[in-house]
Protein chains: 2
Amino acid sequence: MTSTRPVRLLLADDEHLIRGALAALLSLEDDLTVVAEAASGPEALAMARAHAPDVAVLDLQMPGADGVKVATSLRAELPGCRVLIVTSHGRPGHLKRALAAGVRGFVPKTVSAQRLAEIIRTVHEGNRYVDPELAADAIASGDSPLTAREAEVLELAADGAPVAEIAERAALSQGTVRNYLSSAVSKLGAENRHAAVRLARERGWV
Amino acid sequence: MTSTRPVRLLLADDEHLIRGALAALLSLEDDLTVVAEAASGPEALAMARAHAPDVAVLDLQMPGADGVKVATSLRAELPGCRVLIVTSHGRPGHLKRALAAGVRGFVPKTVSAQRLAEIIRTVHEGNRYVDPELAADAIASGDSPLTAREAEVLELAADGAPVAEIAERAALSQGTVRNYLSSAVSKLGAENRHAAVRLARERGWV
DNA sequence: CGGGTGACATGACAAATGTCAGAGGGGCCA
DNA sequence: TGGCCCCTCTGACATTTGTCATGTCACCCG
C-alpha cells in the first residue's frame, strides 16, 4: 500500500488553542489531513455535511451539542464517517453512551499526539479503539442500578431544588419523589440525595 | 533589539495531547523556546527549579496542586519567573485568587496559539494580561459577600455531608454550623445550602 | 391466567435542616 | 472609650428530609 490518499479529518473542540495545536500536529503526519474545524456541536455537524470527512475527532464537551449527540446525528447522515471522541474527563457513563451512539473510538486527552494519530488510523480502518483505562473504569462501575424514574428524579434534584419543586417539575406527588430519592440514595450507598447526585454524576449515570 | 535570546518557557498541563501540541506550536515562534514540560503541579515545581524558565505557562487544573498553588510557590522560589495561567473553565474567583498569587497573565483556552504567543511576550516584558471577558465576569460577579467562616463551612458542606460531620470537621458546634449555613444561604439568595454551594462555586467564591 | 415488577400514591414517624432570638467575647477604628 | 462587626454558642421552633408500611394499577412474561 504505497500511495493511498490521506485520511480526511474533521476536528471539533471549543478550545481554539487545543484545536489549532491539534490540527497542526496531526497535519505533520503525511497520511492525515485536516479538512475542517469546528468550535461547537452544531458547527461540527454543518462542517461534516459540507466536507464529508473520513474521521470526525470530537471533543466530548462542546457548547450547543456534546460529542455524543453530534455522533448520533452523524451516524444517521454520514454513515461512512467514523467518529472518534476525545475527552478531558472520562466518566464511565459517557463511554457507554458514546458506544451506544456508534462511536468507534474513545480516548482521554492524556494520550500523546503520536498515539492519537495511530488511533485515528485504527478507527479509519474500521476497527474500534477504547482507552484501556477508561474501559476498565466503565466495567468496574457497571450498569446504573437506577430505574428510569429514579434517575429522572435524581437529575431534577441535582441543583439542590426542594422536593416540592421536583414533584411539580416531574408531575409526581411529593411522597413519590421522596420514595424515589430514598431508593436511589440507598442503591448508591450515599448519605443523602446530594451525595447521591454527586456519585451518580461521577459514574455518568445521570 | 535584534538578537535577543529567546524566551525560555515551562509548560505544565496534565493533558499530554494539549501539552505536546502546544509545545510544538509555540516552538514555531522563533523567539520562544520550550525548555521543560510537566504533567502535574509538583512536577511543574520541580521542573521550574531545575530549569529556571522565564515564563511558566500553567494549566489551572492539574493533579497534585493547581496552577494557583504552583504560582504561589514559584513566586517565593523564583521571583524572576513570570507565571501565565491558561484554563478551560474560567470562573471569576479563580482569576481573583490567581492575581493575588502574583500571576501575571490569565487566559482561557479559547484563544488561538498566535494570540497566546503574543500574550507570553507581553507577560515576559513584565506587563500583565487578563482576558477581557474573564475580567468582565470577575467584576460583574463582585466580591464574595461571605465571611471567612461562612465560606469555610459552605465548602465543607459541598459534598453533601450532614451538619454533624461538618461541625466535627470544622470543630464548631452544630448550631453554629447551621447559623453560618443559614446566613450564607440567605446572602446568596439560594433555596437551601446545596443550591448555595452551587452558586458559590459558579462564582468562584469557594 | 397468575405472578412478578415497576410506576405511583398515601400516611405516619423520626431525623435532619432552616430560622430566629439572644448573648458573650474579641478586634478594629474613630 | 464606645460602637461595630465578626465569631461563637445555646435553645427553641417550624419546616423539610428520609424511611417505612402499605396499597392500587398497568404491563410483561411464562
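Keep in mind it's a predicted model, so treat the numbers as computed, not measured. Letters A, B, ... are given to chains in the order of the sequence lines, protein chains preceding strands, and every chain is numbered from 1.
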H51(B) side-chain N/O to M47(B) backbone N/O, donor-acceptor pair under 3.5 Å:
yes
For D14(B) and M62(B), indicate whether the former's side chain and the latter's backbone hold a donor-acceptor pair under 3.5 Å.
no
So, [X] and [Y], do they make that salt bridge, N to O below 4.0 Å?
| X | Y | value |
| --- | --- | --- |
| K109(B) | D13(B) | yes |
| E202(B) | R198(B) | yes |
| R121(A) | D31(A) | yes |

Ignoring backbone atoms, test whether R149(B) places a side-chain nitrogen or oxygen under 4.0 Å from the OP1 or OP2 oxygen of dT8(D).
yes
Can you tell me how far P of dC8(C) sits from CD of E150(A), to the nearest Å?
11 Å
Candidates N127(A), V130(A), V107(A), V55(A) - the one meeting side chain to side chain contact (heavy atoms under 4.5 Å, CB included) with I119(A)
V107(A)
Using the rule side chain to side chain contact (heavy atoms under 4.5 Å, CB included), only one of V86(A), T110(A), L25(A) pairs with L17(B); which is it?
V86(A)
What are the residues of residues 161-184 of chain A, sorted by number, that bring a heavy atom to within less than 4.0 Å of DNA chain D?
P162(A), V163(A), R178(A), N179(A), S182(A)
Using heavy atoms and a sub-4.0 Å distance, could you list which residues of residues 190-198 of chain A are near DNA chain D? By number, please.
N192(A), R193(A)
Rounding to 0.5 Å, atoms OH (Y180(B)) and CD (E152(B)) come to a distance of 9.0 Å
